[in-house]
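Note: hydrogens, waters and symmetry copies are ignored here, and every other heavy atom, side chains too, is used.
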Amino acid sequence: MLLPHAYMHMQERTVISNCFKKVLNIHVSKPNELAGYNSSEQCWNMDNSIGQNGDIMLTVSDGPKPTMKERGKSNLSLISKCSSTDSEQGQEPGCSTYLLDPENSRPFIIHLSQEERHSTTAETDSNFSFRTREHSLSNCPLDILFYHWNWAGFRLGCFVVFVCVLVGMFCFVLKWVTSQTSHCVPTRGWWQGTVSYEIFPASFQDSDADGFGDFTGLRWRLHYIQTLNVASIRLNSIFSALDYPLEYTHVIDFKNVDPHLGRTSDFEELVQDIHARGLYVILDINPALTSDQHPWAAHWQQNRSGEYKYFYVETNDTRGESTGPQDEKKYPNRPFGGHLFLNWSHLAVQREINSVFEFWLQKGVDGFYIKGLEHLQFVLEIDLYIVMKQWRHLLDKYSTPNKKNILLVSSQFIQAVKEKKFRYMVSLLKLCDILDFRLHFNGTNIKDFKEQLTVADEWSSYSPSSWVNWHLGSCETTRLATRIDTTYTLTTMILLLTLPGSVSLFYGDEINLQDSKDALTGKGFREGQLCPMQWTSAKEANFTKNWASPWLQHSS
């Protein structure tokens, strides 16, 4: 027989236990019907009322559970239910028992002995009632468990897991991509793929009103240079020279700056300020020749058999070939001075110039642009390789893990090496960091432009470590705005910046600065490309102050 689930007081439990201790002696008034009862289709209910003769009367319902509507029509009272929540929500209780309709109910009587009657009567006289108890989730049917599950918490947990999976996948993909990139893209040096700003110091900014630009004035303008987003500043020859700055190539002292620019200590302060702004310094130097007024040349001319007898090469040597710039022939009215070519097969010359390189490296220079290498005088081909190997050693000696000192050479040098079929050509290229090419721009001949790119690519294939540098003008050529219409200068510079490799800009090209010309004749001055920087539209262009006259007239 099925019994309703209820919470019972101690007295209730005693009554029920006493009733079923004699379960074998229970006489059921309708045993056939009781035995055929199907608990899955009928609902059993028990009323513990005591009859007139002291018997416990049980009422059993053999009909189906009444519906909520039927229950409302008949005055059925709820005896027990699984959960008060179910009833309050209007749901059909899964394990509740009710007082049944008399038509579907049949009484069963449990006959007790006289003693049991007295004891049961006494016990039932006390105030007690059957109470319902809530089923635990482990005992409740599946429908109750399903409706009472914490779906809000379940959904929140699923969302958190989903987000965590997405974040994990994103982190995995990001780590994989970054690890692949670090292996595929090689680390670049500070000179690779960057822009260098070439400056002739005597024409950039005058600070002491003597008409000549100087290191102090250049320090004043570092902020402007930094706004151009360049990586390095390349200074043209700063060495003490004969009739500087007009004759800046006639060097008379490689270990001293020209007095027009300031002192060596001023240069050191300039280098420190440049480095403080995250920029680098490249210095131009031409080791192939000196002025004939250089102390070495003076000793050599006075005593050809003395200590310096092997320092220079006779200009009328047996090879009878042009070995350098013929400025004396180009400008016959030069007031004084000339060039003498050093003998690079002489060990003393190598030691002297190597000490010059080391001197400026100690001052903080980050690299050298070696000019005039195609005019370097030597006896054996191996001498050139030995010399450049020594320079490479000095640059590496003063390099640091975070900064490498670089060596630049011109395209004229590598072209001369190729024409002479130099056997150490590839080895020489591997010693160089940058191969400098001038872009000869001609808007009407695209084929010529393509050929220049092909030639540069060919040279870079000889030495993968060498980087190609492009420029449109320098201190040795006429200005870009003078060669082409000023309308196209901006377009040309944009084209320059799109080329593969590094780029060098000559000061003033960004503002269409042109070569200096004589105001009366309209003819260009010699070295007119070195005209002073034009900072404003005023007469002195803010290059100098106190209405001082600059060393070269401004471009019109």
Does any donor atom in the side chain of Thr536 or Asn542 lie under 3.5 Å from an acceptor atom in the other side chain?
no
When you measure from the centre of the six-membered ring of Trp467, is the NZ or CZ of Arg188 under 6.0 Å away and within 45° of the axis?
no
Side chain to side chain contact (heavy atoms under 4.5 Å, CB included) between Gln377 and Leu342: does it pass, once the steps are laid out?
CA-CA 7 Å; Gln377 302 298 306; Leu342 292 169; over 6 Å; no
Among residues at least two apart in sequence or on other chains, which ones pass side-chain contact (heavy atoms from CB on, under 4.5 Å) with Ser203?
Phe200, Tyr507, Leu530, Trp551
Compare every heavy atom of Gly262 with every heavy atom of Val257, then report the nearest pair and how far apart it is.
CG2-O, 3.4 Å
Which atoms form the tightest heavy-atom contact between Met533 and Leu513, and what is the distance?
CA-CD2, 4.3 Å
Please say which of Ile406, Leu361, Val356, Val409 ends up in a side-chain contact (heavy atoms from CB on, under 4.5 Å) with Phe368.
Leu361
Salt-bridged, Glu269 to Arg263, with N to O below 4.0 Å?
no
Out of the candidates Tyr197, Trp191, Trp190, only one should pair with Tyr280 under the ring-ring contact (aromatic ring centres under 6.0 Å, His included) rule; please name it.
Trp190
Assign the ring pair Tyr308 / Phe311 to parallel, tilted or perpendicular, where the plane angle (0 to 90°) is split at 30° and 60°.
perpendicular
Do Ser504 and Asn469 have a side chain donor and acceptor closer than 3.5 Å?
no
Donor-acceptor pair, side chain of Ser240 and main chain of Asn256, under 3.5 angstrom:
no
Side chains of Asp485 and Thr487: is there a donor and an acceptor less than 3.5 Å apart?
yes
Scan side-chain atoms only and decide if Tyr369 and Glu198 contain a donor-acceptor pair under the 3.5 Å cut-off.
no
Residue pair Ser196 / Ser232, side-chain donor-acceptor N/O under 3.5 Å
yes
Using a 3.5 Å distance criterion without hydrogens, assess whether the side chain of Thr477 forms a donor-acceptor pair with backbone atoms of Gly473.
no
Side chains of Asp292 and Gln301: donor-acceptor distance under 3.5 Å anywhere?
no
Heavy-atom neighbours of Tyr310 OH exceed 12 at 6.0 Å:
no
Presence of salt bridge, Asp273 and Arg277, under 4.0 angstrom
no
Minimum heavy-atom separation for Glu358 to Tyr398, with atom names?
OE2-OH, 2.7 Å
Which distance, rounded to the nearest 0.5 Å, do you find between the CG of Leu228 and the CD1 of Ile233?
9.5 Å
Do any N or O atoms from the side chain of Asp258 and from the backbone of Leu261 form a donor-acceptor pair under 3.5 angstrom?
no
Decide, yes or no, whether a salt bridge links Asp518 with Lys523 under the criterion of side-chain N to carboxylate O below 4.0 Å.
no
Nearest-0.5 Å distance, CZ of residue Arg526 to CG of residue Leu246
4.0 Å
Separation between CG (Leu429) and CE (Met425), nearest 0.5 Å, reads 6.5 Å
Taking every heavy atom of Leu289 against every heavy atom of His339, the minimum-distance pair comes out as CD1-CD2, 3.4 Å
Between Asp366 (side chain) and Val281 (backbone), is there a donor-acceptor pair under 3.5 Å?
yes
Is it true that Lys420 and Glu374 make a salt bridge, defined as a side-chain N closer than 4.0 Å to a carboxylate O?
no
For Gln293 and Leu242, indicate whether the former's side chain and the latter's backbone hold a donor-acceptor pair under 3.5 Å.
no
For the pair Lys404 and Asp433, find out whether any cationic side-chain nitrogen is under 4.0 Å from an anionic carboxylate oxygen.
yes
Sub-3.5 Å donor-acceptor pair from the side chain of Arg483 to the main-chain atoms of Thr478, do we have one?
yes
Is it the case that the side chains of Asp515 and Gln529 hold a donor-acceptor pair, with the cut-off being a distance below 3.5 Å and no angle test?
no
Under 3.5 Å side-chain donor-acceptor pair for Thr264 and Asp266:
no
Do any N or O atoms from the side chain of Ser399 and from the backbone of Asn405 form a donor-acceptor pair under 3.5 angstrom?
yes
In this structure, is the centre-to-centre distance between the rings of Trp535 and Tyr224 below 6.0 Å?
yes
Could you tell me whether the side chain of Asp214 and the main chain of Leu218 form a donor-acceptor pair under 3.5 Å?
no
Please walk me through it: do Lys545 and Ser207 pass side chain to side chain donor-acceptor pair (under 3.5 Å)?
CA-CA 8 Å; Lys545 55 185 179 179; Ser207 65; over 6 Å; no
Phe170 and its side-chain contact (heavy atoms from CB on, under 4.5 Å) partner, picked from Val173, Leu174, Val167
Leu174
When you compare the side chain of Glu458 with that of Thr454, does any pair of heavy atoms fall below 4.5 Å?
no
Go through the steps for Tyr244 and Phe239 under the test side chain to side chain contact (heavy atoms under 4.5 Å, CB included), then give the verdict.
CA-CA 9 Å; Tyr244 187 90; Phe239 311 116; over 6 Å; no
Shortest non-hydrogen separation from Gly193 to Ser502 and the atoms involved
N-OG, 3.1 Å
Evaluate the criterion side chain to side chain contact (heavy atoms under 4.5 Å, CB included) for residue pair Phe506 and Cys475; output intermediate values, then yes/no.
CA-CA 8 Å; Phe506 193 42; Cys475 62; 4.1 Å; yes
Between the side chains of Ser474 and Glu476, is a donor N or O closer than 3.5 angstrom to an acceptor N or O?
no
Indicate, with yes or no, if the rings of Trp391 and Phe357 have centres closer together than 6.0 Å.
yes
Mind checking whether Lys403 and Thr400 have side chains closer than 4.5 Å, heavy atoms only?
yes
Side-chain donor/acceptor of Trp360 to backbone N/O of Phe254, under 3.5 Å
yes
Using the rule given for side chain to side chain donor-acceptor pair (under 3.5 Å), can you reason through Gln514 versus Arg479, listing the C-alpha separation, both sets of side-chain angles and the distance that settles it, and then say yes or no?
CA-CA 6 Å; Gln514 296 181 339; Arg479 288 192 167 272; over 6 Å; no
Under the 3.5 angstrom rule, does the side chain of Arg304 hit a backbone N or O of Lys309 as a donor-acceptor pair?
no
Exercise: identify the closest heavy-atom pair between Phe437 and Ala456
CZ-CA, 3.9 Å
If you take the centroid of each ring, where Trp contributes its six-membered ring, are Tyr312 and Trp300 closer together than 6.0 Å?
yes
Test log, rule side chain to side chain contact (heavy atoms under 4.5 Å, CB included), inputs Leu408 and Asp436:
CA-CA 7 Å; Leu408 293 78; Asp436 184 45; 5.6 Å; no
d(Ser427 OG, Met388 CE) to nearest 0.5 Å is 11.0 Å
So, do Phe215 and Trp220 have ring centers that fall under 6.0 Å from each other?
no
Count the heavy atoms belonging to other residues, nucleotides or ligands that lie under 6.0 Å from NE2 of His393, then report whether that count exceeds 12.
no
Does a side-chain N-to-carboxylate-O contact under 4.0 Å join Asp284 and Lys371?
yes
